[in-house]
Novice: 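My structure is below; once you've seen it, I'll send some questions.
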Amino acid sequence: MTKPFYLTTAIDYANGDPHLGHALEKIGADVMARWRRLGGEPVHFVMGMDEHGQKVLQAAQASGREPAAYTDAISERFESTWRGLACSHDDWIRTTQPRHRAAVTALIERIRERHPEHLFVGDYEGRYCVGCEEFKQDSQIVDGRCTEHPSRELVLTRERNTFFRLSAWQDAVLEAIEAGRFRVEPAIRRNEVLAVLRGGLEDISISRSRLPWGIPFPGGDDETVYVWFDALINYLSATGYPEDGWDRLWPADVHVIGKGITRFHCIIWPAMLMAADLPLPRMVWAHGYVQWGGAKVSKSEGTAVSLDEAVARHGPDALRWFLMREVGFEADGDFTFERFDARYAADLADGLGNLASRVTAMAVKYRDGAIAAGTPPTPLRETAVALVAEYVAAISRHDLRGAAAAIERLVGEADAFVSSSAPWALAKAGQDAELDAVLADLVQVLVRLALMSAPFMPEKARSLWDALGRDGPIEGQWRSAEQPVVGGTTVRKPENLFPK
RNA sequence: GGCCUCGUAGCUCAGGUGGUUAGAGCACCGGACUCAUAAUCCGAGGGUCGAGGGUUCGAAUCCCUCCGGGGCCA
């Protein structure tokens, strides 16, 4: 049995509501997952929650609940949000689950067994920022405050911690990236990571004293595992590690993360795995951020409302389209309702939706929906083949925005072809052979568009697929996009795909 | 503070190993068509390529400084 394509997103920190920034990541990863499944590849797609640490404990206390009850509610809220956005994850991992605790314990014990000198006890004294869950260096402190959380007091803390000898893995991680065994994409993020690695690494504290909301550090004395060290291991615990069969999924094929946490995923995580003599993930893809009207989307006021608003605006598929087509999955992009409305009207309602509507309407009006077989190719066919190839090239290199752009261009080409071939004139003149050829190639383009759109807009693509008289699910049907056979099928007009 | 990155038509972006009049889509304006969700097609207008300086016969493209957005700093 072939190993499934194992794809993960970052697990989100359970101290706030889901926002557009989270949504971009889940949707982008979901597009990747659906693209693979469309081609018939088995996929294992995991998302989840990061639920330990001081900030979660404080958020729970502030809400007057026990941390377990608090994180249950947050987890439920996140997952239902992603389901509402048509995310197709196969598993939902939470760091408070027993399976995760078992994996964390096992991994730490494995490191201790394989490289005992790489876990050591030391004193740590420093100023701790609860906002960051990190000790801050002098370079990050301005006026006695953390630059990230200037409203919070830094806490002078001295404790006995367990350390991980990260410094020992600097060259090995560097080599793995340079050799391409561990890919960091896009290149801009790889360059940043390489610069950090070349600058040298220091050992890191991986336990916390006096913090009960966490996983007990194995062999430790009243310590818990530092929340970041804990969280990274989720990718392994979701495979079932250390139970038999975990290596049917591991190594991960892609970890999808935000650009802000590359250091954890591209330096610390591979070092942890090497210290445990485990294979590295094949790739980390670090996307950019969604800006909200030019400003950073964070956990600040109002952004949680805006995600619900954005979904309600034109439905989940339209939001998915906008985030992929306009915001993109590489660099930062901006979200505004003005742009969202403009894209919805131009790309979807007047674009794909109207094309589907006019083509099927003509097929029904002139031919009762029956598509003729064996018609000679029109110029549209060659154009479509080229654009499908462009789409494949883009999505294969994770250029989701480029793939979406290819969809849009194919819609434009088909609309132009309708104008130039004027099927209504052919019908009036009784040029039946020409009319059949034109309708067949237009319907063929709609089949291609349904397939190309399926990763981005699964529900709308399915509606179109059904209206085109294709049988069964769209999943696994990518092969038919190369040269879809439409002769002999019967189409009907779909319900209004993108109402205005 | 250090390092990195981005800044091109109203908006979203291409271009960028220097070289003819800087491109596309959206929006706006004019025309055409009628199959379609008052949709679509064709055409026109619109930019001193963040600012200043430098290298060069020639710079959006290379160098420096500054301004603004973003990221990282164990």
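The chains referred to below are lettered A, B, ... by the order of the sequence lines, with proteins before strands, and numbering in each begins at 1.
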Novice: All N/O contacts under 3.5 Å from nucleotides 22-24 of chain B to the protein, with atom names and distances to one decimal?
Specialist:
none

Novice: Strictly under 6.0 Å, is that where the ring centroids of Phe164(A) and Phe120(A) end up?
Specialist: no
Novice: Is the base of U37(B) touched by the side chain of Asn496(A) through a donor-acceptor pair closer than 3.5 angstrom?
Specialist: yes
Novice: Protein within reach of the bases, or only the backbone? For nucleotides 9-16 of chain B, mark each nucleotide 5' to 3' as B, S or -, using heavy atoms under 4.0 Å.
Specialist: --BSS---
Novice: Ile371(A) and Ala363(A): which non-hydrogen atoms are nearest, and at how many Å?
Specialist: CD1-CB, 4.2 Å
Novice: Would you tabulate the side-chain donor-acceptor contacts of residues 169-179 of chain A under 3.5 Å, counting partners in other chains and residues two or more places apart, or write 'none'?
Specialist:
| unit_1 | atom_1 | unit_2 | atom_2 | d |
| --- | --- | --- | --- | --- |
| Trp169(A) | NE1 | His118(A) | ND1 | 3.0 |
| Gln170(A) | OE1 | Leu201(A) | N | 3.1 |
| Gln170(A) | NE2 | Leu197(A) | O | 3.2 |
| Glu175(A) | OE1 | Arg181(A) | NH2 | 2.3 |
| Glu178(A) | OE2 | Arg198(A) | NH2 | 2.7 |

Novice: Give me, pair by pair, the N or O atoms of the protein and of nucleotides 33-36 of chain B that are less than 3.5 Å apart, along with how far apart they are.
Specialist:
| unit_1 | atom_1 | unit_2 | atom_2 | d |
| --- | --- | --- | --- | --- |
| C35(B) | O2' | Arg358(A) | O | 3.4 |
| C35(B) | O2 | Arg358(A) | NE | 3.0 |
| C35(B) | N3 | Arg358(A) | NE | 3.4 |
| C35(B) | N3 | Arg358(A) | NH2 | 2.5 |
| C35(B) | N4 | Arg358(A) | NH2 | 3.1 |
| A36(B) | O3' | Ser357(A) | OG | 3.3 |
| A36(B) | O3' | Lys493(A) | NZ | 3.2 |
| A36(B) | O2' | Asn354(A) | OD1 | 2.8 |
| A36(B) | O2' | Ser357(A) | OG | 3.0 |
| A36(B) | N1 | Arg358(A) | NH2 | 3.4 |
| A36(B) | N3 | Asn354(A) | ND2 | 3.2 |
| A36(B) | N3 | Arg358(A) | NE | 3.2 |

Novice: Dot-bracket for RNA chain B, please, read 5' to 3', with Watson-Crick or G-U wobble pairs under 3.5 Å on both distances, ( ) within the strand, [ ] crossing, | other strand, . unpaired.
Specialist: ((((((((.[[[[.)...(...]]]]..((((.......))))......[[[[[..)....]]]]]))))))).
Novice: Less than 6.0 angstrom separating the ring centers of Phe322(A) and Tyr344(A), yes or no?
Specialist: no
Novice: Run the numbers on His22(A) and Tyr13(A) for ring-ring contact (aromatic ring centres under 6.0 Å, His included), then give the verdict.
Specialist: CA-CA 10 Å; His22(A) 296 121; Tyr13(A) 204 54; over 10 Å; no
Novice: Check the pair Phe329(A) / His398(A) against ring-ring contact (aromatic ring centres under 6.0 Å, His included), numbers first and verdict last.
Specialist: CA-CA 8 Å; Phe329(A) 209 46; His398(A) 301 103; 8.8 Å; no
Novice: Phe163(A) has an atom CZ; how far is it from atom P of A74(B), in whole Å?
Specialist: 14 Å
Novice: Using atom CD1 of Ile206(A) as one end and atom P of A74(B) as the other, report the distance to the nearest whole Å.
Specialist: 17 Å
Novice: Which part of the nucleic acid does Gly200(A) contact within heavy-atom distance under 4.0 Å: base, sugar-phosphate only, or nothing?
Specialist: base
Novice: Between Trp35(A) and Tyr391(A), is the gap from one ring center to the other below 6.0 Å?
Specialist: yes
Novice: Does Asp368(A) have any side-chain contact (heavy atoms from CB on, under 4.5 Å) partners at least two apart in sequence or in another chain, and if so, which?
Specialist: none
